[in-house]
Amino acid sequence: MPELPEVETTRRGIAPHCEGQVISAVTVRNPSLRWPVPSDLAERVSGKRIQSADRRAKYLLIHLEDGTLIIHLGMSGSLRVITDNAPPMTHDHIDLTLESGTVLRFNDPRRFGCWLWTDSVDRHPLIESLGPEPLSEAFNGELLFQRSRSKKTPIKNFIMDNHVVVGVGNIYANEALFKAGIHPRRQAGRISLDRYRRLAEAIRETLSAAILMGGTTLRDFVNSDGKPGYFAQVLLVYGKTGSPCTQCNTLLKEIRMNNRSTVYCPRCQR
DNA sequence: ATGGCCTCCTGGACGC
DNA sequence: TGCGTCCAGGAGGCCA
């Protein structure tokens with residue numbers, strides 16, 4: 001799935017097409033997503049003007065006059081801008097038709113994504129308890145240090161916890177820990193402030209670089225134009241088990257953590 | 001409260 | 001060519 005860079009890439013792709021537009025129709029072909037698509041979604045949003053296409057964590061927030069569409073792409077979702085009346089394909093579950101004729105089309109083979117509507121997004125249970133954005137001023141080494149005291153969970157699990165910091169998924173957790181030289185299994189509560197400063201910087205750098213390259217496409221991520229992202233070409237550890245470390249030539253090792261593939265350099269990461 | 005595990009679902013890769 | 005198995009970018013919810 002789309003991790004934060006892929007969601008941000010999607011947001012930037014759809015924003016110019018939908019901001020200021022009025023929604024003229026909603027077509028739900030399959031409401032069976034992670035949570036059922038609200039049966040009154042069409043009447044909630046039809047005729048409403050889109051104020052902005054925003055993002056919080058990996059949620060796309062389509063702000064309307066009187067509420068917000070909360071969209072998550074799950075593991076396999078994509079949102080594309082359709083301008084040529086192309087017919088819907090398999091797994092094209094939802095169309096948002098705009099007054100301009102442009103269609104925002106949601107495709108999600110695994111259906112782990114969601115489409116919800118709320119009139120108070122800041123108090124929505126999926127949104128209100130999220131940690132800071134990794135690219136904001138509020139996110140830094142001090143924050144990670146403070147929140148990690150007495151935590152026994154491994155550092156990789158810790159930085160993937162949305163209550164700590166949002167938007168760090170499996171690929172970028174692996175990459176950031178490698179850049180910061182921290183072993184993914186190290187206990188979060190036993191890492192120094194200094195090392196947390198390096199880690200916060202590594203997370204920030206990794207995510208920013210991925211956004212600049214349009215996200216990571218491993219199998220099937222496409223942006224709003226249906227194009228892949230290019231960050232996969234510069235991954236340092238994820239998907240590179242058995243390859244030599246770019247720093248020391250030691251062969252990269254793979255372990256499972258929470259059933260997610262975890263790749264690291266046994267020499268550089270302590 | 002904390003941490004770890006399961007689960008939702010489809011499809012692609014791989015081995016036999 | 002076909003079939004079974006495993007794996008995948010998330011993250012809420014449940015259980016100990």
Side-chain angles (χ1 to χ4, degrees), chain A residues 1-10 29-37 55-60 70-79 89-94 106-116 124-131 134 147-177 184-190 203 206-207 209-211 213-223 228-241 254-263:
Chain A
M1 151 209 171
E3 293 202 33
L4 185 140
E6 292 76 58
V7 179
E8 179 61 19
T9 297
T10 299
R29 298 184 192 86
N30 187 349
S32 160
L33 301 182
R34 170 145 201 191
W35 297 285
V37 176
R55 179 187 61 73
R56 176 75 174 98
K58 295 173 192 166
Y59 295 98
L60 287 164
I70 301 176
I71 300 173
H72 198 290
L73 303 179
M75 288 276 262
S76 56
S78 63
L79 199 54
M89 311 283 280
T90 312
H91 306 309
D92 280 342
H93 306 310
I94 303 180
F106 177 71
N107 180 286
D108 186 7
R110 294 176 73 179
R111 290 189 275 118
F112 289 174
C114 71
W115 276 58
L116 300 171
H124 193 278
L126 290 175
I127 305 293
E128 72 174 349
S129 64
L130 293 171
R147 296 208 177 175
S148 64
R149 293 310 87 185
S150 83
K151 297 278 186 194
K152 291 184 179 154
T153 197
I155 184 61
K156 180 171 180 247
N157 298 357
F158 182 69
I159 59 173
M160 290 180 71
D161 180 347
N162 277 338
H163 303 295
V164 175
V165 56
V166 302
V168 183
N170 196 42
I171 295 179
Y172 301 115
N174 279 294
E175 296 296 304
L177 288 170
R185 280 220 164 103
R186 178 162 292 276
Q187 275 189 26
R190 301 184 55 193
I203 289 172
T206 305
L207 294 176
I211 290 170
M213 298 186 74
T216 303
T217 297
L218 295 180
R219 273 162 286 279
D220 51 10
F221 170 74
V222 290
N223 66 18
Y230 297 97
F231 194 69
Q233 296 170 14
V234 296
L235 291 174
L236 298 172
V237 290
Y238 185 85
K240 304 220 171 280
T241 307
E254 176 165 344
I255 55 177
R256 308 290 297 178
M257 291 180 64
N258 282 353
N259 210 25
R260 313 295 292 275
S261 94
T262 305
V263 188

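Chain letters run A, B, ... following the sequence lines, proteins first and then strands; every chain starts at 1.
One N or O donor and one acceptor, one from the side chain of Arg110(A) and one from the base of dA8(C), sit under 3.5 Å apart.
Distances shown here put a side-chain N or O of Arg260(A) below 4.0 Å from the OP1 or OP2 atom of dG9(C). Within the structure, every side-chain polar atom (N or O) of Ser76(A) is placed at least 4.0 Å from both OP1 and OP2 of dA8(C). OP1 or OP2 of dG10(C) has not a single side-chain nitrogen or oxygen of His72(A) nearer than 4.0 Å.
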Anything under 3.5 Å between a donor and an acceptor, one on a side chain of residues 162-170 of chain A, the other on a protein residue two or more places apart or in another chain? List them.
unit_1	atom_1	unit_2	atom_2	d
His163(A)	ND1	Ser129(A)	O	3.0
Asn170(A)	OD1	Lys156(A)	NZ	2.7
Asn170(A)	ND2	Ser261(A)	O	3.2

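Remark: C1' of dC5(B) and CZ of Arg256(A) are 13 Å apart, rounded to the nearest angstrom. Met89(A) places its CE atom 18 Å from the P atom of dT10(B), with the value rounded to the nearest Å. Rounded to whole Å, atom P of dT10(B) lies 14 Å from atom CZ of Phe106(A). Taking atom CG of residue Asp161(A) and atom P of nucleotide dA11(C), one finds them 11 Å apart after rounding to whole Å. Atom pair Tyr172(A):OH and dA8(C):P shows a separation of 16 Å (rounding to whole Å applied). One interatomic measurement links the two molecules: CD1 of Ile71(A) to P of dA11(C), which rounds to 15 Å at whole-angstrom precision. Computed from coordinates, the Met75(A) CE to dA11(C) P distance equals 10 Å when rounded to whole Å. Nucleotide dA11(C) holds its P atom 10 Å from the CG atom of Leu73(A), rounded to whole Å.
Arg185(A) CZ to Leu177(A) CG: the interatomic distance, rounded to the nearest 0.5 Å, is 12.5 Å.
Residues forming a ring-ring contact (aromatic ring centres under 6.0 Å, His included) with Phe158(A) (at least two apart in sequence, or on another chain): none. Residues satisfying the side-chain hydrogen bond (donor to acceptor under 3.5 Å, both in side chains) criterion with Asp92(A), sequence neighbours excluded, are Asn107(A). Tyr59(A) meets the ring-ring contact (aromatic ring centres under 6.0 Å, His included) test with His72(A); sequence neighbours excluded. By the salt bridge (charged side-chain N to carboxylate O under 4.0 Å, His left out) test, Arg55(A) pairs with Glu8(A), Glu133(A), sequence neighbours left out. Under the side-chain hydrogen bond (donor to acceptor under 3.5 Å, both in side chains) criterion, Glu254(A) pairs with Thr241(A), sequence neighbours left out. Applying the salt bridge (charged side-chain N to carboxylate O under 4.0 Å, His left out) test to Arg29(A) and every residue at least two apart in sequence or in another chain returns Asp95(A). Contacts of Thr206(A) classified as side-chain hydrogen bond (donor to acceptor under 3.5 Å, both in side chains), with partners at least two apart in sequence or in another chain: Lys179(A). For Asn174(A), there are no side-chain hydrogen bond (donor to acceptor under 3.5 Å, both in side chains) partners two or more places apart in sequence or in a different chain.
dC5(B) sits 16 Å from dC7(C) when the P atoms are compared, rounded to a whole Å. Nucleotides dG3(B) and dG9(C), compared at atom C1', are 23 Å apart to the nearest Å. If you take atom P in dA11(C) and the same atom in dA1(B), they sit 23 Å apart, rounded to whole Å.
Contact annotation for Ser32(A): no contact, since no heavy-atom pair falls under 4.0 Å across all strands.
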Can you give me the N/O atom pairs linking the protein to nucleotides 1-4 of chain B at distances under 3.5 Å, or say none if there are none?
unit_1	atom_1	unit_2	atom_2	d
dG3(B)	OP1	Lys152(A)	N	2.7
dG3(B)	OP1	Thr153(A)	N	3.3
dG4(B)	OP2	Thr153(A)	OG1	3.3

Would you tabulate the nitrogen or oxygen pairs shorter than 3.5 Å linking the protein to nucleotides 12-16 of chain C?
unit_1	atom_1	unit_2	atom_2	d
dG12(C)	OP1	Tyr59(A)	OH	3.1
dG12(C)	O4'	Arg34(A)	NH2	2.7

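Using cut-offs of 30° and 60° on the angle between ring planes, the pair Phe106(A) and Trp115(A) is perpendicular.
A pairwise comparison of heavy atoms in Pro2(A) and Ser76(A) identifies CD-N, 4.4 Å as the closest pair.
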According to the Watson-Crick and G-U wobble definition with distances under 3.5 Å, which dot-bracket string, read 5' to 3', encodes DNA chain B, using [ ] for crossing pairs and | for pairs with another strand? .|||||||.|||||||

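Between Phe112(A) and dC9(B), no base-stacking contact is recorded for ring centres under 5.5 Å apart and planes less than 30° from parallel.
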